[in-house]
Amino acid sequence: MKKLMKCALLAGAAFGAMATAAQAQDAAQDTAVAVEDIIVTARRTEESAQKTPLALTAFSGETLERTGAQQVTDLQGAVPNLNLVQGRGSSNSTNIYIRGIGQPDSLQTFDPAVGVYVDDVYYSRIRGTQFDLLDLERVEILRGPQGTLYGKNTIGGAMKLVSRRPGQEFRARGSVAYGDYDLIEVQGAVSGPVTDKLALGLSVLSSERGGYVTDPVTGAEYNDKNSKAARASLAWDPASNFRIDFNADYSKDDAGLTVGQAQNSLTNLLGVPAYAVPNPTPEFNFKTRTTPGLPNETRLETWGTALRMTWDVSDRLSLKSITSYRELNTDDYIDFDATELQIADALVAVDQNQFSQEFQLTYTGDRLNAVAGVYYLKEEVSSHQESYNDDLTAGLVFPPLWNGDYTFTRFIDDELETTSKAIFGNVSYDVTNALRLSAGVRYTEEEKTYDRFTYVESSSPFLISQYGFAPPKGTWEDTSIMLSADYQLSDDAMVYARYAQGFKSGGFNGRANSGTEATAYDPETADTIEVGAKTSFFDRRLRLNMASFFTKYEDFQARVSGVEKDPITGVPVGVLSVINAGALDIFGFELEAVAKPTAALTLDAQLGFLEADYKEFNDARFTNFGGSRAFQDPAFSPKWTLRMGGQYEWSLNGGSSLVVGAAAKYRSRMALAVDNTLANSAIPLESMYQDSYWLYDARVVWSDSSDRYSIGLYGQNLTDEVYKTDAQEFSSIGNIRTAYFGAPRTWMVKFTAKY
């Protein structure tokens with residue numbers, strides 16, 4: 001903490017000195033330029049990010065390209081109070097938490113808590129959101145509940161990716177990158193006119209990288225990358241007041257297993273040791289073994305289309321239609337125990353499709369601005385799962401009927417169908433030239449049906465379990481509101497206050513292993529009060545944005561594990577339940593600063609503080625604590641996040657330029673799983689935590705005099721820090737606790753050409 005505060009004070013002192021120097025400069029000096037302003041659609045209408053009364057961070061496509069960002073997870077650290085990492089045990093899902101609210105489980109029965117949108121189309125699953133940043137105009141991260149304009153499953157916030165729209169000007173860009181672990185990435189994008197009213201855009205990507213986790217015996221590679229993606233866009237303007245945009249995309253990921261490290265010794269069903277791990281667990285050296293014969297595959301294939309039509313009925317009134325259809329198919333093999341034993345290995349095969357339709361009506365007046373709409377979503381998800389557990393049952397003895405090793409494989413087939421309907425509206429009114437009041441409301445009706453069948457194949461009759469799972473249809477409804485007021489102190493300073501609500505859908509326990517666990521759970525809700533300021537100084541060479549917030553988070557959906565004895569054999573059986581167990585109070589503040597004292601120098605910093613505390617977390621197993629585990633630490637809620645970065649550009653002879661940039665990122669200690677103590681214990685499980693750590697990145701980029709050609713060297717995690725990003729806690733099944741780690745030090749050389 002002392003080190004963090006010292007760095008924060010040094011950053012503040014540096015910014016203060018820089019600001020003083022900037023103030024002393026002549027405002028008309030040619031070398032000083034303003035900090036970039038980005039137009040966003042956070043409130044479904046175009047407006048400056050600095051005029052939008054909510055906490056958001058926007059990245060232009062040029063910024064993403066300049067920093068060498070390749071995937072959405074490369075934005076980790078660049079947004080206060082954001083956790084954005086690859087999901088546990090999967091190469092194609094994303095763990096997103098904003099201000100301590102998220103959902104890390106990729107199982108299809110768990111809905112996300114941060115909404116992901118690509119060109120205004122909602123993605124229902126966290127699978128398939130490990131996006132490569134391909135030909136984007138911008139990325140917007142909205143913090144806090146967005147329930148009125150974005151709907152369900154945005155109680156933490158929203159992440160929006162916006163593609164470039166083809167235009168009448170020809171544009172082309174291509175890049176080739178090579179790096180360690182045999183990284184080879186090729187990107188290309190081209191767009192331009194077909195006729196004077198029709199434009200076409202095409203973009204493609206191929207990205208391959210060897211695994212940074214290897215098997216020391218066989219040499220097999222894990223945690224690798226093998227992605228292909230393509231996107232086509234049509235922009236048609238048949239009339240001056242009518243626009244049609246059509247997008248079609250396809251992507252395929254064919255990576256190997258995502259493997260972690262076993263954090264403690266494993267056992268069989270009776271608690272007999274099966275695999276020994278030293279205590280304390282040694283530092284991960286990125287070498288491990290998985291079960292022989294388990295396919296080294298995590299495959300994903302997804303495609304979709306989107307049709308957006310906009311009709312300007314008049315100068316003030318516009319009608320927009322957004323129609324989309326998407327499909328996703330995965331075959332993920334997962335080694336939950338992260339050892340060569342078959343304690344808990346699995347195949348998770350998912351087929352998902354979704355259709356959505358949204359109509360928006362937008363009014364822009366002299367003082368009144370409004371948007372209203374209706375939304376419909378139909379989603380169908382079917383999955384087939386196989387859980388291989390032979391070593392979990394090895395050595396069990398039931399004399400005189402059976403002695404020896406039992407085979408044990410569980411099969412699960414389920415289907416989930418969701419229908420969601422909503423109507424919404426948002427109004428902003430300029431009371432004076434400085435004061436603006438806004439209000440929004442959204443009503444949602446949702447219906448889910450879930451059918452599940454599970455059975456076990458075993459060489460022991462006492463380990464055969466078969467039951468059907470078909471709970472009644474779940475129906476939920478919600479009304480969320482938003483109220484805000486903002487006051488423009490000057491052209492360069494705005495203060496605002498905002499109250500916002502959101503909800504996360506209810507559902508069914510897709511991890512049930514018995515009929516007693518086959519339960520439904522209710523939605524989560526979040527109510528947030530936020531106050532903030534967005535300011536610019538010194539001819540907009542210095543930008544300071546601040547926000548403070550308080551959130552009441554209710555009916556937290558907790559997946560908790562326990563153990564029950566089989567009524568016939570007395571064998572302990574793992575129980576995985578999902579309950580509305582918790583309520584949290586979350587307080588925090590955020591600071592974002594960007595300074596450009598000269599055209600050559602840019603400095604930026606992002607600071608986040610978060611205090612998340614359970615106010616209620618009922619669990620009958622914690623008898624020593626009155627049936628409550630509210631003393632535990634909420635997952636993925638580090639108290640401090642900090643990033644400091646900068647770049648300087650030198651003009652070279654002949655008109656070329658050289659840019660040097662670097663960033664330091666800090667994250668304080670945080671829990672990586674909801675279950676972070678043993679049952680009925682207040683002692684933290686250190687293996688389910690990541691202590692505070694720093695990461696350092698740097699880049700050097702040369703560009704020619706025309707700025708068409710560039711070559712850059714990029715380095716990530718320069719000090720080769722070993723740090724955890726996620727963890728699995730299944731101690732009720734073989735005592736499993738597994739941690740997943742960020743990539744070690746990497747480098748990349750990238751050549752780019754633009755026309």
Compute whether any side-chain donor of one residue and acceptor of the other, for Asn81 and Glu590, lie under 3.5 angstrom apart. yes
Suppose we screen for side-chain contact (heavy atoms from CB on, under 4.5 Å). Which residues come up paired with Ser536, at least two apart in sequence or across chains? Gln50, Asp492, Arg540, Arg543
Name all residues meeting the side-chain contact (heavy atoms from CB on, under 4.5 Å) criterion together with Lys320; count only those two or more places apart in sequence or in a different chain, and write none if there are none. Asp120, Thr310, Ile322, Gln360
For Thr298 and Ser91, test the side chains for any donor-to-acceptor distance below 3.5 angstrom and give the result as yes or no. yes
For Arg316, the side-chain contact (heavy atoms from CB on, under 4.5 Å) test, sequence neighbours excluded, returns Ser314, Tyr363, Asp366
Under a 4.5 Å cut-off applied to non-hydrogen side-chain atoms, are Arg125 and Gln354 in contact? no
Do you know which of Thr73, Leu84, Val85 makes side-chain contact (heavy atoms from CB on, under 4.5 Å) with Ile96? Leu84
Within-4.5 Å side-chain heavy-atom neighbours: Leu149 and Arg43: yes
Should the pair Arg243-Asp312 be classified as a salt bridge under the 4.0 Å nitrogen-to-oxygen rule? yes
Kindly determine whether Leu377 and Lys152 satisfy side-chain contact (heavy atoms from CB on, under 4.5 Å), including the steps that lead there. CA-CA 11 Å; Leu377 170 73; Lys152 66 164 188 160; 4.2 Å; yes
Donor-acceptor pair, side chain of Asn153 and main chain of Ser505, under 3.5 angstrom: yes
Which of Thr419, Thr418, Thr109 passes side-chain contact (heavy atoms from CB on, under 4.5 Å) with Lys448? It is Thr418
Check whether Asp105 reaches the backbone of Leu107 with its side chain - one donor and one acceptor, N or O, closer than 3.5 Å. yes
Plane angle bin for Tyr325 and Trp303 - parallel if under 30°, tilted between 30 and 60°, otherwise perpendicular: tilted
Please check: side-chain N/O of Lys639 versus main-chain N/O of Ser668, any donor-acceptor pairing under 3.5 Å? no
Keeping Asn580 on the side-chain end and Asp555 on the backbone end, is there a donor-acceptor pair under 3.5 Å? yes
Carboxylate-amine/guanidinium contact Lys534 Asp486, below 4.0 Å: no
Check against side-chain contact (heavy atoms from CB on, under 4.5 Å), Leu161 and Val72: CA-CA 9 Å; Leu161 282 71; Val72 292; 4.1 Å; yes
Identify, with sequence neighbours excluded, every residue that meets side-chain contact (heavy atoms from CB on, under 4.5 Å) alongside Phe587. Ser548, Phe550, Phe609
Between the side chains of Asp135 and Arg231, is the shortest nitrogen-to-carboxylate-oxygen separation below 4.0 Å, so that they form an ion pair? no
Taking Arg643 first and then Asp604, would you say they form a salt bridge - that is, a charged N and a carboxylate O separated by under 4.0 Å? yes
Side-chain contact test, heavy atoms from C-beta onward, threshold under 4.5 Å: evaluate it for Asp585 versus Lys552 and give yes or no. yes
So, using salt bridge (Lys or Arg N to Asp or Glu O under 4.0 Å) as the criterion, who are the partners of Arg326 when residues are at least two apart? Asp249
With no hydrogens and no angle check, is any side-chain donor or acceptor of Thr129 less than 3.5 Å from a backbone partner on Arg127? no
Starting at OG of Ser93, measure out to CG of Leu300 and round the result to the nearest 0.5 Å. 9.5 Å
Sorted by chain and number, sequence neighbours left out, ring-ring contact (aromatic ring centres under 6.0 Å, His included) with Tyr117 holds for Tyr122, Tyr150
Does the distance from a Lys or Arg side-chain N to an Asp or Glu carboxylate O, for Arg669 and Asp633, drop under 4.0 Å? no
Apply salt bridge (charged side-chain N to carboxylate O under 4.0 Å, His left out) to the pair Arg143 and Glu530, showing each step before the final yes or no. CA-CA 10 Å; Arg143 303 192 293 278; Glu530 176 180 304; over 6 Å; no
Is the Phe636 ring parallel, tilted or perpendicular to the Tyr97 ring (thresholds 30°, 60°)? tilted
